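Computed from a predicted structure; not experimentally measured.
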Amino acid sequence: MAQVTATSEYLARMDTDANGRVSLAEYQAWMSYGFDGMDRDGDGVLSAAELPGGKGKPVLRTEYIARIALTFNRQDVDRNGSLDARELAAPPQ
């Protein structure tokens, strides 16, 4: 995945339906690339061997997606169910 350096680039890449806003599903899809890259066996669980350092408690993809939703909800300051460029650029509340 190419490095993105500006909020407008993030918005353009995350906004797969090109409506100018990022939905929760779009946000989760974008933010899951790291998990998916580490999940070498594709079983939806990061085992200790797949985690950085090769140790740690397993991480379920469902748990990871739920944490991403919490971050999304903190960033969605106007509570309209999507992130605009301003919300996307701001740190989570």
task = Hey, could you give me the CG/CG distance between Leu46 and Asp41, rounded to the nearest 0.5 Å?
result = 9.0 Å

message = Let me check something: do Met38 and Leu60 share a hydrophobic cluster, defined by ILVMFWY side-chain heavy atoms less than 4.5 Å apart, either directly or through other members?
response = no

key: Close side-chain approach of Thr71 and Tyr27, heavy atoms under 4.5 Å   = yes

inquiry  = Could you measure the distance from the CD1 atom of Ile68 to the CZ atom of Arg61? Nearest 0.5 Å is fine.
reply    = 7.5 Å

query = Does any non-hydrogen side-chain atom of Asp39 lie less than 4.5 Å from one of Asp43?
reply = yes

query = Are Tyr33 and Val59 grouped together when hydrophobic residues (ILVMFWY) are joined by side-chain heavy atoms under 4.5 angstrom apart?
reply = yes

request  = First locate atom OG of Ser82, then atom CG of Asn19, and finally report the distance between them rounded to the nearest 0.5 Å.
outcome  = 7.0 Å

task = Supply the atom-to-atom distance Arg86 CZ to Gln75 CD, rounded to the nearest 0.5 angstrom.
result = 11.5 Å

Any side-chain heavy-atom pair of Glu26 and Asp15 under 4.5 Å = yes

ask   = How close do Gly56 and Ala48 get, heavy atom to heavy atom, and via which atoms?
value = O-CB, 3.6 Å

request  = Please name the pair of heavy atoms, one in Leu51 and one in Lys57, separated by the smallest distance, quoted to 0.1 Å.
outcome  = CD1-O, 3.3 Å

request  = Would you name the heavy atoms of Leu11 and Leu83 that are closest together and state the gap between them?
outcome  = CD1-O, 4.3 Å

ask   = Say you draw a straight line from CD of Glu50 to CZ of Phe35; how long is it, rounded to the nearest 0.5 Å?
value = 8.0 Å

key: Co-membership, hydrophobic cluster, residues Ile65 and Val45, 4.5 Å side-chain   = no

request  = Would you sort out whether Gln28 and Phe72 count as a side-chain contact (heavy atoms from CB on, under 4.5 Å), showing the intermediate values?
outcome  = CA-CA 8 Å; Gln28 287 171 317; Phe72 177 91; over 6 Å; no

ask   = Distance from Asp76 atom CG to Asn80 atom CG, nearest 0.5 Å?
value = 5.0 Å

